[in-house]
Amino acid sequence: MKQIPKYDFNKKEEPLLEFEILRLEELIKRKHQIAGKPHRLDFYQLIFITEGTGIHTVDFQRVQFNTGSFIPIAKDQVQQFHIDFDIKGYVILFTSDFLVREKINYRYLYDFILFNSQLSPVVLQCDTDTKLLIEMLAKAFFIEKEFEQEELLRNYLKIILIRLERTKRSFSQIPSGSSLTLSMQFKEALDNTISYKTKVADVCEILGVNSKKLNAALQLLSNKTAKEYLDERVVLEIKRLLSYSELSIKEIAYKIGFEDATNLTKYFKKHAGFLPQKFREIHR
């Protein structure tokens with residue numbers, strides 16, 4: 001029984017920093033056997049391309065990048081590098097614990113749309129100032145290992161996230177304020193409880209809102225109801241497991257909360273338009 005590989009943050013230091021910058025060319029050279037296969041990370045990742053062009057796959061989207069591209073990867077997304085040893089850049093890795101030291105900092109993960117791959121664009125082009133900030137961040141990590149290094153890294157990271165968020169928002173029609181916050185909280189709650197058995201009412205109870213308010217917020221963001229969003233999230237997880245794991249359809253059914261494989265097959269055919277086995281054959 002082989003599931004999608006999931007990698008935790010590499011805890012090399014004590015006290016644990018939970019932040020790291022890797023040179024992309026070195027990562028590909030050392031870890032190409034892992035990076036070149038579908039996998040998940042238990043933390044957040046920003047890929048910044050300083051030289052080259054290519055393709056990166058994120059949850060079935062083959063996204064093209066070139067020099068100056070930024071690819072944000074959210075925690076638990078399935079990604080795959082298409083190995084090219086000529087690509088250069090940086091990979092910025094951080095956990096939510098590193099970024100969030102005060103309650104107000106949760107907004108970087110839950111109010112920002114940067115890591116929401118359902119909203120275009122998935123790949124961002126950064127400007128000269130953001131490139132300079134990346135260089136300063138790298139210098140602070142690799143060279144300036146002195147007084148308040150962690151706080152310096154955190155603040156550089158926040159500024160970079162804000163600049164990338166501004167870029168993404170300039171391309172997206174999104175609501176602001178409480179509707180956006182509630183939408184992002186709903187997405188986070190679904191990610192934490194991926195199951196066919198989950199009902200909209202269950203999530204509303206977790207968030208402390210009624211379904212009418214939740215649906216209104218979601219429709220402002222994506223013109224979808226909470227039930228439609230929930231079904232999409234369940235289908236995405238089934239697709240991930242069909243494509244990237246060796247679990248049988250029966251095992252996937254139990255993992256996602258179905259009583260048997262027949263119910264999963266009917267559900268998946270209705271929402272994805274394919275029988276599970278056919279989808280697996282196409283995407284293997």
Verdict with supporting geometry, T53 and Q64, side chain to side chain donor-acceptor pair (under 3.5 Å): CA-CA 7 Å; T53 61; Q64 293 185 323; over 6 Å; no
Trace of the side chain to side chain contact (heavy atoms under 4.5 Å, CB included) decision for V200 with Y229: CA-CA 10 Å; V200 173; Y229 206 112; over 6 Å; no
Pair D97-F9, side chain to side chain contact (heavy atoms under 4.5 Å, CB included): steps then yes or no: CA-CA 11 Å; D97 287 342; F9 198 88; over 6 Å; no
Test side chain to side chain contact (heavy atoms under 4.5 Å, CB included) applied to K29 and E26, step by step: CA-CA 5 Å; K29 184 178 180 180; E26 293 180 6; 5.6 Å; no
F19 vs F94, ring-ring contact (aromatic ring centres under 6.0 Å, His included): CA-CA, chis, key distance, verdict: CA-CA 4 Å; F19 174 92; F94 63 94; 7.1 Å; no
D202/K197 under salt bridge (charged side-chain N to carboxylate O under 4.0 Å, His left out): CA gap, chis, key distance, verdict: CA-CA 10 Å; D202 300 331; K197 294 179 180 179; over 6 Å; no
Evaluation steps, side chain to side chain contact (heavy atoms under 4.5 Å, CB included), between L207 and F186: CA-CA 7 Å; L207 299 179; F186 176 70; 4.1 Å; yes
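Ionic pairing of E237 and R240 is present here: one or more N-O contacts between side-chain nitrogen and carboxylate oxygen are shorter than 4.0 angstrom. A salt bridge does not link D127 to K131: none of the charged side-chain nitrogens sits closer than 4.0 Å to a carboxylate oxygen. Between K255 and E251, no side-chain nitrogen of the basic residue sits less than 4.0 Å from a carboxylate oxygen of the acidic one, so the salt-bridge criterion is not met. Between D76 and K6 there is a salt bridge, since a side-chain N of the basic residue sits under 4.0 Å from a carboxylate O of the acidic one.
By the 6.0 Å and 45° rule, K199 stacks over the aromatic ring of Y196. For the pair R154 and F98, the cation-pi test (distance below 6.0 Å, angle within 45°) is passed. Seen from the ring of F142, R23 counts as a face-on cation partner, given the 6.0 Å and 45° thresholds.
Among all heavy-atom pairs drawn from K239 and A272, the shortest one is CE-CB, 4.2 Å. For the pair G257 and S195, the tightest heavy-atom approach, listed with the atom from each and the gap, is CA-OG, 4.1 Å. Nearest heavy atom pair, residue L133 against residue I160, reads CB-CG1, 3.9 Å.
With a 6.0 Å radius and a threshold of 12 heavy atoms from other residues, nucleotides or ligands, R166 has its CZ atom at or below the threshold. For E259, the CD atom counts as loosely surrounded, since its 6.0 Å shell holds 12 or fewer non-hydrogen atoms of other residues, nucleotides or ligands. Annotation: E205, atom CD; neighbour count of heavy atoms from other residues, nucleotides and ligands within 6.0 Å does not exceed 12.
T67 contributes a side-chain N or O that, together with a main-chain N or O of G52, makes up a donor-acceptor pair within less than 3.5 Å. Here the side chain of E228 pairs a donor or acceptor atom with the backbone of T225 at under 3.5 angstrom. At least one donor-acceptor pair under 3.5 Å links the side chain of E165 to the backbone N or O of L114. Formation of a donor-acceptor pair under 3.5 Å by the T130 side chain with backbone atoms of C126 is not found in this model.
Both V58 and Y7 are part of a single hydrophobic cluster, where members link through side-chain heavy atoms under 4.5 Å apart. Note on F70 and I162: same hydrophobic cluster, where clusters join Ile, Leu, Val, Met, Phe, Trp and Tyr whose side-chain heavy atoms are under 4.5 Å apart, directly or indirectly. I194 and L264 are members of different hydrophobic clusters when ILVMFWY side chains are connected at heavy-atom separations under 4.5 Å. No path of Ile, Leu, Val, Met, Phe, Trp and Tyr side chains, each step under 4.5 Å between heavy atoms, connects I87 with I55, placing them in separate hydrophobic clusters. Criterion: ILVMFWY side-chain heavy atoms under 4.5 Å apart, direct or through other members. Under it, I134 and L132 are part of a common hydrophobic cluster.
Between L241 atom CG and I249 atom CD1 the span is 11.5 Å, to the nearest 0.5 Å. For the atom pair L41 CG and L93 CG, the distance stands at 7.5 Å (nearest 0.5 Å). The distance from the CD atom of Q219 to the OG atom of S183 is 10.5 Å, given to the nearest 0.5 Å. Note that CD1 of I282 is 11.0 Å distant from CG of L242, once rounded to the nearest 0.5 Å. Atom-to-atom distance recorded for F258:CZ and K250:NZ is 15.5 Å, nearest 0.5 angstrom. In this structure, the separation between CD1 on I252 and CZ on F268 is 9.0 Å, given to the nearest 0.5 Å.
Counting heavy atoms from C-beta outward, Y90 and E135 have side chains that approach closer than 4.5 Å. Counting heavy atoms from C-beta outward, Q79 and I71 have side chains that stay 4.5 Å or more apart. With contacts defined as side-chain heavy-atom distances shorter than 4.5 Å, the pair R163/D129 qualifies. Residues I21 and V91 have side chains not in contact (no heavy-atom distance under 4.5 Å, counting atoms from C-beta outward). The shortest side-chain heavy-atom distance between L275 and F279 does not fall under the 4.5 Å cut-off. With contacts defined as side-chain heavy-atom distances shorter than 4.5 Å, the pair L218/K224 does not qualify. No side-chain heavy atom of Q45 sits under 4.5 Å from any side-chain heavy atom of Q77. Using a 4.5 Å cut-off on side-chain heavy atoms (C-beta onward), F141 and E20 make contact.
Donor-acceptor pairing under 3.5 Å is recorded for the side chains of T95 and E18.
Sorted by first and then second residue, the side chain to side chain donor-acceptor pair (under 3.5 Å) pairs with a member in residues 266-275 read D231-Y267; sequence neighbours excluded.
For the side-chain contact (heavy atoms from CB on, under 4.5 Å) with I92, the lone residue among I47, L22, L137 that qualifies is L137.
A distance below 6.0 Å separates the ring centres of H56 and F81.
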